[in-house]
Protein chains: 2
Amino acid sequence: MAKERVTVIDIARAAGVSKSTVSLVLQGSSLVNEATRAKVNAAIRELGYVYNRSAANLRQSKSKIIGIVVNDLTNSFFAELAVGVDAVVQSAGFVQFLANTGEKIERQREVIASMREHGVSGLIISPARGTEASDLTPLVESGIPVVLVVRDIAGAGVSSLTSDNHAGAVAAVRHLIERGHRRIAFLGGFADTAVFESRVRGYRDALLEAGLGPQSELVIGSAPSRAGGVTAIEQAMMLKERPTAALCFNDAVAFGVCDGLRARRLEPGADFAVIGFDDVIEAKTAVPALTTVSVDPQGMGERAAELLLKQIKAGRAEPEAIVSSVRLVVRQSCGAAAERRMKEVSS
Amino acid sequence: MAKERVTVIDIARAAGVSKSTVSLVLQGSSLVNEATRAKVNAAIRELGYVYNRSAANLRQSKSKIIGIVVNDLTNSFFAELAVGVDAVVQSAGFVQFLANTGEKIERQREVIASMREHGVSGLIISPARGTEASDLTPLVESGIPVVLVVRDIAGAGVSSLTSDNHAGAVAAVRHLIERGHRRIAFLGGFADTAVFESRVRGYRDALLEAGLGPQSELVIGSAPSRAGGVTAIEQAMMLKERPTAALCFNDAVAFGVCDGLRARRLEPGADFAVIGFDDVIEAKTAVPALTTVSVDPQGMGERAAELLLKQIKAGRAEPEAIVSSVRLVVRQSCGAAAERRMKEVSS
DNA sequence: CTGTTAGCGCATTCAA
DNA sequence: TTGAATGCGCTAACAG
């Protein structure tokens, strides 16, 4: 079965035409007689020909490959992002080359290098934590279009697409205020990240807007994890003036907050309102009675891919910074019928 | 910035050596003088040379690419599987080419074709639902090593790596019997799949082994979803002799069963034992008090990749069918500290 | 519409 | 150890 590789020349011979005719057929050119095309296609099928992209890419010094590198494929947000990218990339006739860095800068360097070696025509990157502008300089100087997603990198000089964390936090806090809450905590997250900063700023702005002052003692950082949520809510409940609601840095924290509330015999959603940014955990597994602020990962992937394709077509476009809007979704409790109604509250 | 592509010849000139010397350096050959190597590497860095894989692949008519095609990247099981594959593939000096089919046969055909065109040296496939042996015939006849994961395809003539569903079900049912349960239901899933069949068979075998007869009325199929779980448990509770425990086709069903129980004021885990095969939903978001039967996706990916690499090295190995063992994990409820103790009950 | 010719960038002989 | 020549399979001119 270890057949010799069959090439255009073989199928040309079999179909009684020349190489270039075959090549034209392969590219779907309209300059070729219908009958000839059929003969060629028959031969292709007959001999089990498979097109050799390496040769084609070499010749044309370009490929139809889009690279996407994500920092944590284990997080289904990024898996869905990749699926979104794939959808548009595919329908544009490109193929996707997906790599996972697992938050490791060194690995990120390797995969980007590998992608360049494979001649990708564009790159979508969700950078690993700690990536600096200088890490991307050689890449952008090579002229390959790049769009950053999820996390922006100042000074990198490329397009980026990020969630509007500030607007999302504002919307969430407004939502709580409308429901009558006055003491609202911000729980979880490490204060040294840009994401944390913009979420807290949105939280503060919404409070100020409602004349509720900056309730600084209610901003309680912690690890952005379920365990972190537990410690944060415990700390919040130690205050003499307890909050009645919390906006959580992410959904993992929110889950932990729910755990902590239940430990105190409080029912999340009923006795205490909990909203979390939906960063980590897939929406479909969310706990009942939890409200999340979330951006649609697939939609984000699609937009990123569209932006990238535009740049690829334009040749050399100016980088655009795009801020994707964050939607606030109120997720109702799963009832006996396991139905889940979602209502969009804010853009 | 639209520099000309720099090639080996450029860096050869810059380093004052010949093309082939550069080529040797690139491949880390030991046949080259240390000083020369340094000069070459300096020139490479200087000129920003990037290796052209297309050219190399063309020349050597082989690539260092491993393809992995999964049926649903949105499902974090498969995302983690891919991460596991990536880990070993990477350390063997290959790069991974990941594609998602979204359970669509047509798309699967396309991505496999695309991978062949790119000259992958091996393929790991989690086939889309409905894939037939004939869909893989051209691929396996081409001599490319293939290993199937998760779902096997009879008659495909390739290696495969699947969970031991039968053993998993047996272990789960034994676990329930040990805890005193006598009426145990099997809930959810469509009866026309091989996976369903082997799980139910394991369930039956374990009941027979304990002298509990084939409780056929307790096998209740449904959609393998959360909603399906709700309807299945409702149907089970209509029986005059109600079950006291259930093994669920998957975790989504198990979640639905928990929903249905709560609607009847029954506490899952306390009033009614629920075990689910952990197919769909990431373990870290599992509901408390739910016991799952799960296989480690990353470990499975690693084993698949090792198997594939072995075949690639061997040139043309006989297909092996490998049955990966399924672990039964008892997951304790998340308490106030959000701790989760896991105990391995069975292999 | 079809055939001919000439490389794309690289790895690999074979000599030197 | 290094340099010169050859061709991997394909596409892009151009000539028929």
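Numbers restart at 1 for each chain; the letters A, B, ... are given by sequence-line order, proteins then strands.
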From the set [options], return the single nucleotide nearest to any side-chain atom of [X].
{"X": "A:Ala55", "options": "D:dG9, C:dT4, D:dG3", "value": "D:dG9"}
{"X": "A:Gln60", "options": "D:dA12, C:dC1, C:dA11", "value": "D:dA12"}
{"X": "A:Thr21", "options": "C:dT2, D:dG9, D:dA13", "value": "C:dT2"}
{"X": "B:Ser20", "options": "C:dT12, D:dT11, D:dC10", "value": "C:dT12"}
{"X": "A:Arg59", "options": "D:dG3, D:dG7, C:dA6", "value": "C:dA6"}
{"X": "A:Lys19", "options": "C:dC10, C:dG9, C:dA6", "value": "C:dA6"}

Using a cut-off of strictly less than 4.0 Å, decide whether A:Ser23 has a side-chain nitrogen or oxygen near OP1 or OP2 of D:dT11.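 Result: yes.
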
Would you say a side-chain N or O of A:Gln27 is under 4.0 Å from OP1 or OP2 of D:dA12?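 For D:dA12, OP1 or OP2 has a side-chain N or O of A:Gln27 closer than 4.0 Å.
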
Parallel, tilted or perpendicular, judged at 30° and 60°: which one describes the rings of A:His118 and A:Phe97?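 Because their plane-to-plane angle is over 60°, the rings of A:His118 and A:Phe97 count as perpendicular.
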
Nucleotide N/O to protein N/O under 3.5 Å, stretch nucleotides 14-16 of chain D:
none

Students often get this wrong, so: under 4.0 angstrom with heavy atoms, is B:Ser61 touching a base, only sugar-phosphate, or nothing?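 Here B:Ser61 touches no strand at all.
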
Which part of the nucleic acid, if any, lies within contact of A:Thr36, taking any heavy atom under 4.0 Å across all strands shown: a base, the sugar-phosphate backbone alone, or nothing?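 Sugar-phosphate only.
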
Are B:Arg107 and A:Asp86 within salt-bridge range, i.e. N to O under 4.0 Å?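 Here B:Arg107 pairs with A:Asp86 in a salt bridge, since their nearest N and O are under 4.0 Å apart.
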
Strictly below 4.0 Å, N to O, side chains only: are B:Lys310 and B:Glu320 in salt-bridge contact?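 Between B:Glu320 and B:Lys310 there is a salt bridge, with a charged N closer than 4.0 Å to a carboxylate O.
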
Suppose we call a contact any N or O donor and acceptor under 3.5 Å apart; does that hold for the side chain of A:Ser18 and the base of C:dT4?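 By the distance-only test, no, there is no pair.
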
Send over the distance from B:Lys39 NZ to D:dT1 C1', rounded to a whole Å.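 My rounded result for the distance is 13 Å.
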
Is it true that, when you exclude B:Gln27 itself, more than 12 heavy atoms of the residues, nucleotides or ligands shown sit nearer than 6.0 Å to its CD?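 It does: B:Gln27 CD has more than 12 such atoms within range.
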
Check the pair B:Arg303, B:Glu306 against salt bridge (Lys or Arg N to Asp or Glu O under 4.0 Å), reporting the backbone distance first and the verdict last. CA-CA 5 Å; B:Arg303 289 187 60 187; B:Glu306 281 156 10; 6.0 Å; no

Nearest heavy atoms of A:Leu309 and A:Ala92, plus distance in Å: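 What the structure gives for the nearest pair is CD1-CB, 3.7 Å.
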
5' priority, DNA chain D, between B:Leu58 and B:Leu24 [closest heavy atom]: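 Per heavy-atom nearest nucleotide, the more 5' residue is B:Leu24.
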
